[in-house]
Amino acid sequence: MIKYVIHGGKPLTGTVEISGAKNAALPILAATVLADGPCRVENIPSISDVSICTDILYNLGADVTVVDRHTLMIDPTRVNSFTVPSDLARSMRASYYFIGSLLGRMGQAKMTTPGGCDFGVRPIDQHIKGFEMLGAKWSMDRGMLCFSADSLVGGHVYLDVVSVGATINVMLAAVKARGLTVIENAAREPHIVDLANFLNTIGADIMGAGTDVIKIRGVSYLPGGSYSIIPDQIEAGTYMVAAAATKGDVTLKNVIPKHLESITAKLQEMGVEVEEGDECIRVRYVGELQKANVKTQPHPGFPTDMQPQITTLLCLAKGTSLVTENVFDNRFKYVDELRRMGANITVDGRVAVVEGVGGFQGAPVKAVDLRAGAAMLIAGVVATDRTEIEDIHHIERGYENVLEKFRKLGADIKRIDVPDDMRLAKAL
Ligand code: EPZ
């Protein structure tokens, strides 16, 4: 079993290069299925979710050439299947973006229900509502979601919930639908804008991405093109919090400060110094952290994907803070792991009451999901003794070169493989 071993207690200092955005790369790679010519995609993060995406593209019949570690050339002209392999579909939630792009290209799509982080119920009713509004029919056949459309026709989709995934999937299905599609109550995340920019670069006609009304005028041909993915807002936020938590001084390179505004504002409210540059941001601990209340919201509110990380930081602040998770039903599962390291947090439904405890004790903990794993990393580099993190595959799904990046900032962190028989022997 692979785990991280961390000996913390030292301030993180220096610079860290932020990678391409996972939540932009995944829909953009799925969107290449819509193209009628090759697409060159740059600044792709080298993470396991991207590998799953490329495996799905291979299985659908696309030609995928690895130009370099962060650049892929994808030629979808020989895509000959509309079924997403179940083992790949179940290993991440973003696999469901292939429904929108396969429907758009072939008028058919088939896949099992997607996997992904477990935050309680994660329905796809809004995706289905959008596909039906464009003329698609769907059925469930022995656990497989089957979608088909003789022809997709633009429609008016008013999402009942602000949903990143549904906004993306409807946009993908609408790109080649006949006529105009309007998505109202659309999500406004930076990765929605990035996807729309990519699609327009390869020949689509999309307006309004980044607002709550997105208009897609269907086109019949997408010649393809080149595109570079935006930096990862959540990876950047994670390192910003880690810098503050360890009383450090870290400069992040390759960021878009505007995408980080809600995180910057919250850190400044807590007494952290944050200095913005053109494509960089410097985070410096300058004195005792102050308590703060956090309410997660769709963009431009405070991102739910930063909730475990900011909660970890609030454990180090003076006083009592409230964290309200407004996006998912149950995104506090990691709190039990933080408590093992000395956190004093009480969770009641969507609200966590966080008492400032001033520090963490090292302990063996688990990464219960991707961002919870990031929170364990932060607590581990703060704790002055030894922390072990299991189930680190969650972390490596979404953070490129996470060990190297933390080590470069001064963290004492190792990735070790404990053979199962040794674990058994120790247990006995
Ligand atoms: C995306 O998930 C991200 N995943 C998540 O990031 C992120 O937490 C989330 O957006 C919110 O920003 C990817 O981009 C791969 P939603 P998604 O649809 O699309 C409800 C990470 O850490 N809902 O915006 O699944 C849903 O239950 C991951 O990188 C419906 O009710 O999120 C939730 O309460 C974790 N019906 C709310 O909407 C639907 O049909 C927002 O979910 C769809 C969603």
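Here, residue 1 is the first one in the sequence, and each next residue gets the next number. Start at 1 and go down the list; that is how both ligands and their atoms are numbered.
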Looking at [atom], what's its closest protein heavy atom, distance included?
atom: atom 2 (O) of ligand 1; value: Arg122 NH2, 3.3 Å
atom: atom 22 (O) of ligand 1; value: Arg371 NE, 2.8 Å
atom: atom 32 (O) of ligand 1; value: Phe328 CZ, 3.8 Å
atom: atom 25 (O) of ligand 1; value: Arg93 NE, 2.6 Å
atom: atom 18 (O) of ligand 1; value: Ser163 OG, 2.7 Å

Check this for me - ligand 1, [X], N or O atoms closer than 3.5 angstrom, yes or no?
X: Leu370; result: no
X: Lys22; result: yes
X: Ala94; result: no
X: Ala166; result: no
X: Asp305; result: yes

Under 4.0 Å from ligand 1, counting heavy atoms only, is it the side chain of [X], its backbone, both or neither?
X: Gln126; value: both
X: Val161; value: side chain
X: Thr304; value: side chain
X: His191; value: neither
X: Asp160; value: neither
X: His299; value: neither

(message) Applying the side-chain hydrogen bond (donor to acceptor under 3.5 Å, both in side chains) criterion to Arg350, which one of Thr324, Asn326, Asp329 satisfies it?
(response) Asp329
Does the side chain of [X] pick up a donor-acceptor pair with the side chain of [Y] at under 3.5 Å?
X: Ser48; Y: Glu396; result: no
X: Gln307; Y: Thr296; result: no
X: Glu42; Y: Ser226; result: no
X: Arg339; Y: Tyr334; result: no
X: His156; Y: Glu184; result: yes
X: Asp75; Y: Thr77; result: yes
X: His259; Y: Glu189; result: no

Looking at [X], which atoms of ligand 1 are within less than 4.0 Å of one of its heavy atoms?
X: Val327; value: 33 (C), 34 (O), 37 (C), 41 (C)
X: Ile124; value: 39 (C), 40 (O)
X: Gly165; value: 18 (O), 19 (O)
X: Tyr96; value: 17 (P), 19 (O), 25 (O)
X: Asn23; value: 3 (C), 6 (O), 13 (C), 14 (O), 15 (C), 21 (C), 29 (O)

(message) Quick check on side chain to side chain contact (heavy atoms under 4.5 Å, CB included): which of Thr71, Leu72, Thr54 does Ile44 satisfy it with?
(response) Leu72
(message) So is Arg331 touching ligand 1 or not, going by heavy atoms under 4.0 Å?
(response) yes
(message) Is there a salt bridge (charged side-chain N to carboxylate O under 4.0 Å, His left out) between Lys405 and Glu235? Walk through the geometry before answering.
(response) CA-CA 11 Å; Lys405 291 186 181 185; Glu235 183 195 20; 2.7 Å; yes
(message) Regarding atom 16 (P) of ligand 1: of the candidates Asn326, Asp125, Val164, which has the closest heavy atom?
(response) Val164
(request) Pick, from Pro303, Ala24, Pro123, the option with the minimum heavy-atom distance to atom 30 (C) of ligand 1. (result) Pro123
(request) Anything under 30° is parallel, anything over 60° is perpendicular, the rest tilted; go ahead and classify Phe198 against Tyr227. (result) perpendicular
(request) Would you check if the distance from the ring center of Phe406 to the ring center of Tyr239 is below 6.0 Å? (result) yes
(message) Under a 4.0 Å threshold between the charged nitrogen and the carboxylate oxygen, would Asp305 count as salt-bridged to Arg331?
(response) yes
(message) Is there a side-chain hydrogen bond (donor to acceptor under 3.5 Å, both in side chains) between Thr15 and Lys408? Walk through the geometry before answering.
(response) CA-CA 8 Å; Thr15 62; Lys408 186 165 176 280; 3.2 Å; yes
